[in-house]
Asks: 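Quick one: structure below, then a few questions.
All values below come from the heavy atoms of this structure, side chains included, with hydrogens, waters and symmetry mates left out. These figures come from a predicted structure and were not determined experimentally. So that the names make sense, note that chain A is the first sequence line, chain B the second, and so on, each numbered from 1.
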Amino acid sequence: MPELPEVETSRRGIEPHLVGARIVHAIVRNERLRWPVSQEIISLSDQPVLSVQRRAKYLLLELPAGWIIIHLGMSGSLRVLPEALPPAKHDHVDLVMSTGKILRYTDPRRFGAWLWSRDLTASNVLAHLGPEPLSEAFSADYLFAKSRGRRTPVKPWLMDNKLVVGVGNIYASESLFVAGILPDRAAMALSYEEAALLVKTIKAVLLRSIEQGGTTLRDFLQTDGKPGYFAQELQVYGRGGEPCRVCGAPIESVKHAQRSTFFCPVCQK
DNA sequence: CCTAGACCCTGTACGC
DNA sequence: TGCGTACAGGGTCTAG
């Protein structure tokens with residue numbers, strides 16, 4: 001589910017409820033997520049939250065003794081509840097705050113993670129990640145240089161976290177449509193101008209989606225329970241067989257590494 | 001190094 | 001109504 005815009009939307013939603021408050025304790029109802037929930041989280045007691053940050057698709061809660069690293073996986077979401085309410089089936093983790101509010105983590109598929117790291121620079125999950133797409137490090141020069149010699153189709157290439165983080169299945173298809181580049185083009189076949197356009201487009205698409213609160217397809221919700229509204233602006237994702245919003249040609253789909261890719265065979269070259 | 005595939009898990013949509 | 005199949009926003013691991 002959550003790509004960078006959805007994780008950033010979650011970060012912005014939870015930050016004002018956490019920073020300045022204390023975690024009284026955590027309630028872990030099911031510790032069997034992508035990896036077992038770290039023992040340090042299970043045994044948390046009375047810790048202030050110093051900051052709420054994001055790296056790639058990971059949320060980072062800064063505590064005095066270390067960091068809670070949260071990943072939403074495919075189906076995870078976070079809600080801020082005004083008070084303790086009875087948990088539903090897939091409500092696996094609560095953080096009980098000193099304000100009485102509850103940060104509740106729901107994740108039907110349990111591909112997400114709740115990990116503890118005393119020192120982020122030593123964190124396995126954060127090591128070897130590529131640049132943030134909205135940072136200056138993700139530039140035309142960078143993307144073009146990285147593309148040289150790469151035969152991989154550009155779509156799955158963009159989803160490689162070592163190249164750039166945060167671009168998942170939705171935004172890879174959407175960005176390539178807006179940039180007018182076919183998803184099957186080999187990365188090494190991009191011209192410098194195309195790489196530059198792609199960088200600019202990825203940033204613009206991600207920023208626009210963040211403005212809209214992300215994309216809700218099925219289970220993603222903003223932390224106040226509202227859906228993300230970028231779904232209404234999707235150009236190609238999930239629209240196989242429907243007319244292109246620009247030229248009217250039927251949107252086509254192909255598979256790359258078991259993931260669906262959508263594109264317009266006329267607008268993209 | 002690169003690339004493709006299987007796999008983790010549950011829910012939902014669809015064809016019969 | 002039921003059953004079997006395919007598919008779903010991510011990431012890791014293995015094999016070639």
Asks: Under 4.0 Å between a side-chain N/O of A:K89 and OP1 or OP2 of B:dG11, yes or no?
Replies: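 Yes.
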Asks: Phosphate oxygens OP1/OP2 of C:dG9: is one of them under 4.0 Å from a side-chain N or O of A:R259?
Replies: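 Affirmative; the distance criterion is met.
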Asks: Between B:dA4 and A:Q258, is there an OP1 or OP2 to side-chain N/O distance shorter than 4.0 Å?
Replies: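 Result: no.
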Asks: Could you check whether A:W35 gets within reach of a base, just the sugar-phosphate, or nothing at all, counting any heavy atom under 4.0 Å?
Replies: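 The residue A:W35 makes sugar-phosphate contact but no base contact.
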Asks: Determine the contact category for A:R151: base if any of its heavy atoms lies under 4.0 Å from a base atom, sugar-phosphate if only primed atoms, P, OP1 or OP2 are that close, otherwise nothing.
Replies: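 Since only primed, P, OP1 and OP2 atoms lie under 4.0 Å of A:R151, the category is sugar-phosphate.
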Asks: Need to verify one output field. Residue with the more 5' nearest nucleotide on DNA chain B, A:R34 or A:H90?
Replies: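 First, find each residue's nearest nucleotide; the 5'-ward one identifies A:R34.
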Asks: Does the ring of A:F111 meet both stacking tests against the six-membered base ring of B:dC8: centre distance under 5.5 Å and plane angle under 30°?
Replies: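 Stacking between A:F111 and B:dC8: present.
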Asks: If the cut-off is 4.0 Å, is A:N169 near the phosphate of C:dA8, judged by side-chain N/O to OP1 or OP2?
Replies: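 No, outside the criterion.
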Asks: Not counting sequence neighbours, list each pair that qualifies as a salt bridge (Lys or Arg N to Asp or Glu O under 4.0 Å) and has a residue in residues 125-137 of chain A.
Replies: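 Qualifying pairs, neighbours excluded: A:R54-A:E132, A:R55-A:E132.
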Asks: Fill in the dot-bracket string of DNA chain C, one character per base: . for unpaired, | for a pair to another strand, ( ) or [ ] for pairs within the strand, taking Watson-Crick or G-U pairs under 3.5 Å.
Replies: .|||||||.|||||||
Asks: Can you tell me if the side-chain N/O atoms of A:R110 get under 4.0 Å from OP1 or OP2 in B:dT10?
Replies: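 Affirmative; the distance criterion is met.
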Asks: Taking all non-hydrogen atoms of both residues into account, name the closest pair between A:E174 and A:Y237 and its distance.
Replies: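 Shortest heavy-atom separation between A:E174 and A:Y237 comes out as OE2-N, 2.7 Å.
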Asks: Is any side-chain N or O of A:T152 closer than 4.0 Å to OP1 or OP2 of B:dT3?
Replies: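 For B:dT3, OP1 or OP2 has a side-chain N or O of A:T152 closer than 4.0 Å.
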Asks: If you take any heavy atom closer than 4.0 Å to DNA chain B, which residues from residues 222-234 of chain A end up in contact?
Replies: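 Those residues: none at all.
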Asks: Taking only the side-chain nitrogens and oxygens of A:R32, find out if one of them lies under 4.0 Å from OP1 or OP2 of B:dC8.
Replies: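 A:R32 to B:dC8 OP1/OP2: no side-chain N or O under 4.0 Å.
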